[in-house]
There are 2 protein chains.
Amino acid sequence: MLPYTANTLKAELNSRGWRLTPQREKILHVFQNLPRGNHLSAEELYSLLDQRGETISLSTIYRSVKLMARMGILRELELAEGHKHYELNQPYPHHHHHMVCIQCNKTTEFNNDSILKHSLKQVEKFGFQLIDCQLTVMTICPEALRLGWPSALPSNWSCSRVISETPLEDEEN
Amino acid sequence: MLPYTANTLKAELNSRGWRLTPQREKILHVFQNLPRGNHLSAEELYSLLDQRGETISLSTIYRSVKLMARMGILRELELAEGHKHYELNQPYPHHHHHMVCIQCNKTTEFNNDSILKHSLKQVEKFGFQLIDCQLTVMTICPEALRLGWPSALPSNWSCSRVISETPLEDEEN
DNA sequence: AGATATTTGCTAATAATTCTCAATTATCAG
DNA sequence: CTGATAATTGAGAATTATTAGCAAATATCT
Ligand SMILES: [Mn+2]
Ligand SMILES: [Mn+2]
Ligand SMILES: [Zn+2]
Ligand SMILES: [Zn+2]
């Protein structure tokens with residue numbers, strides 16, 4: 001289930017009456033060789049392939065990435081304002097979450113199996129079927145803090161209400 | 001910090017050189033009286049107010065809701081494709097997460113303090129400042145399952161790869 | 001009450017994503 | 001291997017949520 005090959009992809013596509021195209025194969029390849037912790041937007045994927053001389057139309061990029069996300073091969077993430085990011089969806093042992101700085105969009109991944117476990121418990125309690133769970137932690141990174149956040153932010157920006165002083169001692173909910 | 005009044009809002013706005021307007025007050029009022037578990041998009045907020053004869057321009061709706069999210073008064077959520085939803089940001093005792101059906105967008109809230117606790121631990125380990133953390137659990141709801149998902153889905157939809165059979169026993173990460 | 005910077009409400013502009021459709025091509029049956 | 005056929009691509013137009021620009025209105029502070 002984990003090490004996706006072109007053949008695995010073809011089988012899965014064909015089983016649904018769909019086809020393996022060079023474009024889809026190249027896109028899978030990009031994500032498979034993307035260094036851990038990287039995430040690509042449609043636009044970024046487009047230019048990355050374009051620079052390698054393997055141009056794929058932006059329409060096809062958008063279509064493929066959406067299809068592969070719906071197939072569960074890619075994970076669709078909301079890490080920044082305005083556009084989605086994608087990464088390989090690697091279930092259990094590599095499942096991870098994201099911590100994002102809301103000022104500079106720097107993203108840090110972290111593992112935490114108990115979050116997945118809690119989600120699973122929640123989902124089963126209601127008879128739902130789990131597809132994915134993503135914890136997004138919005139933060140201000142140390143650099144932004146050092147630069148005097150919030151005073152260094154654009155004048156229309158503000159975020160006073162933080163939740164870090166909450167009393168949390170016990171483990172279970 | 002929790003029961004927001006027009007006065008609290010005014011104080012907080014004024015402290016930043018901003019102003020309390022009838023529009024902002026009305027918007028806060030809507031969210032304060034929104035039944036638990038409800039979430040509004042900008043468009044929905046617009047028509048809700050419009051139906052009550054308290055029309056506020058869509059521009060102002062968008063601006064206010066974004067401002068109040070950045071102030072930490074509202075929480076900005078990605079629960080459905082294509083647009084954001086907002087709800088009151090109620091920190092510790094009322095902090096919650098969301099389980100969404102990726103087919104019909106039905107959303108269920110659930111509480112889990114240990115997720116917040118884990119996030120906080122993670123954030124502090126890196127010297128970041130926590131602003132918010134949102135766990136979004138993507139699922140297929142029982143109704144969609146009963147309707148024969150995925151076969152009942154539009155032909156371009158597919159999601160085979162689920163992560164529900166992962167071996168998760170231990171509690172801590 | 002008057003001065004002034006902020007906010008509102010129009011409308012126009014952006015920007016990400018989706019749609020349309022003719023041309024291309026992967027798959028499959030023969 | 002070859003041809004039939006349905007899926008896919010690429011180019012550009014269309015859509016949609018959201019933001020920007022600006023004159024008129026107004027909240028706040030003397
Ligand atoms: Mn990641
Ligand atoms: Mn909620
Ligand atoms: Zn940052
Ligand atoms: Zn559903």
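Lettering follows sequence order; numbering is per chain, from 1. In this text, all values refer to a predicted model and were calculated from it rather than measured experimentally.
Taking only side-chain nitrogens and oxygens, B:Gln23 never comes nearer than 4.0 Å to OP1 or OP2 of D:dT26. In terms of phosphate contacts, A:Lys10 brings a side-chain nitrogen or oxygen within less than 4.0 Å of OP1 or OP2 of C:dT27.
Within the helix from C:dA1-D:dT30 to C:dG30-D:dC1, the inter-axis angle between the opening and closing five-pair segments is 50°, rounded to 10°.
To the nearest 0.5 Å, the span separating CG on A:Leu20 from CG on A:Asn7 amounts to 8.5 Å. Considering NZ of A:Lys121 and CG of A:Leu116, their distance stands at 11.5 Å, rounded to 0.5 Å.
Put simply, A:Leu135 and A:Leu77 are part of two different groups of oily side chains (I, L, V, M, F, W, Y) that touch within less than 4.5 Å, one to the next.
Taking every heavy atom of both residues into account, B:Cys141 and B:Lys106 meet most closely at SG-NZ, 3.8 Å.
Remark: C1' of D:dT8 and CG of A:Leu67 are 11 Å apart, rounded to the nearest angstrom. Distance CG (A:Asn7) to C1' (C:dA26): 15 Å, rounded to an integer number of Å. Note: CD (A:Glu25) to P (C:dA26) measures 11 Å, nearest angstrom. As rounded to whole Å, 17 Å separates atom C1' of D:dA17 from atom CG of B:Leu77. Atom CD1 in B:Ile56 sits about 12 Å away from atom C1' in C:dT7, given to the nearest Å. Atom P of nucleotide C:dT25 and atom CG of A:Leu13 are separated by 18 Å, given to the nearest angstrom.
Using the six-membered ring where Trp is involved, A:Phe110 and A:His97 have ring planes that are tilted, between 30° and 60° apart.
Judged purely by atom type and a 3.5 angstrom limit, A:Ser119 has no side-chain atom pairing as donor or acceptor with the backbone of A:Cys133. A:Thr21 places no side-chain N or O within 3.5 Å of a backbone atom of A:Arg19 that could act as its donor or acceptor partner. Panel note: side chain A:His29, backbone A:Glu25; no donor-acceptor pair is recorded below 3.5 Å.
At the heavy-atom level, A:Arg24 lies under 4.0 Å from the strands shown only through sugar-phosphate atoms.
Side-chain contact, B:Glu12 with B:Asn14: no donor N or O sits under 3.5 Å from an acceptor N or O. At a cut-off of 3.5 Å, with distance as the only test, no side-chain donor of A:Asn89 or A:Glu87 sits close to an acceptor on the other residue.
Checked by distance alone, A:Thr21 brings no side-chain donor or acceptor within 3.5 Å of a matching partner on the base of D:dT9.
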Atom pairs under 3.5 Å: protein N/O with N/O of nucleotides 15-17 of chain C:
{"residue": "C:dT17", "atom": "OP1", "partner": "A:Lys84", "partner atom": "N", "Å": "3.2"}
{"residue": "C:dT17", "atom": "OP2", "partner": "A:Tyr62", "partner atom": "OH", "Å": "2.8"}

Under 3.5 Å, which N/O atoms of the protein pair with N/O atoms of nucleotides 2-6 of chain D?
{"residue": "D:dA6", "atom": "N3", "partner": "A:Arg19", "partner atom": "NH1", "Å": "3.1"}
{"residue": "D:dA6", "atom": "N3", "partner": "A:Arg19", "partner atom": "NH2", "Å": "3.3"}

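For A:His96 and A:His94, the distance between ring centers is not under 6.0 angstrom.
The nucleotide whose nearest atom lies closest to any side-chain atom of A:Asn14 is, among C:dT27, D:dT9, D:dG12, C:dT27.
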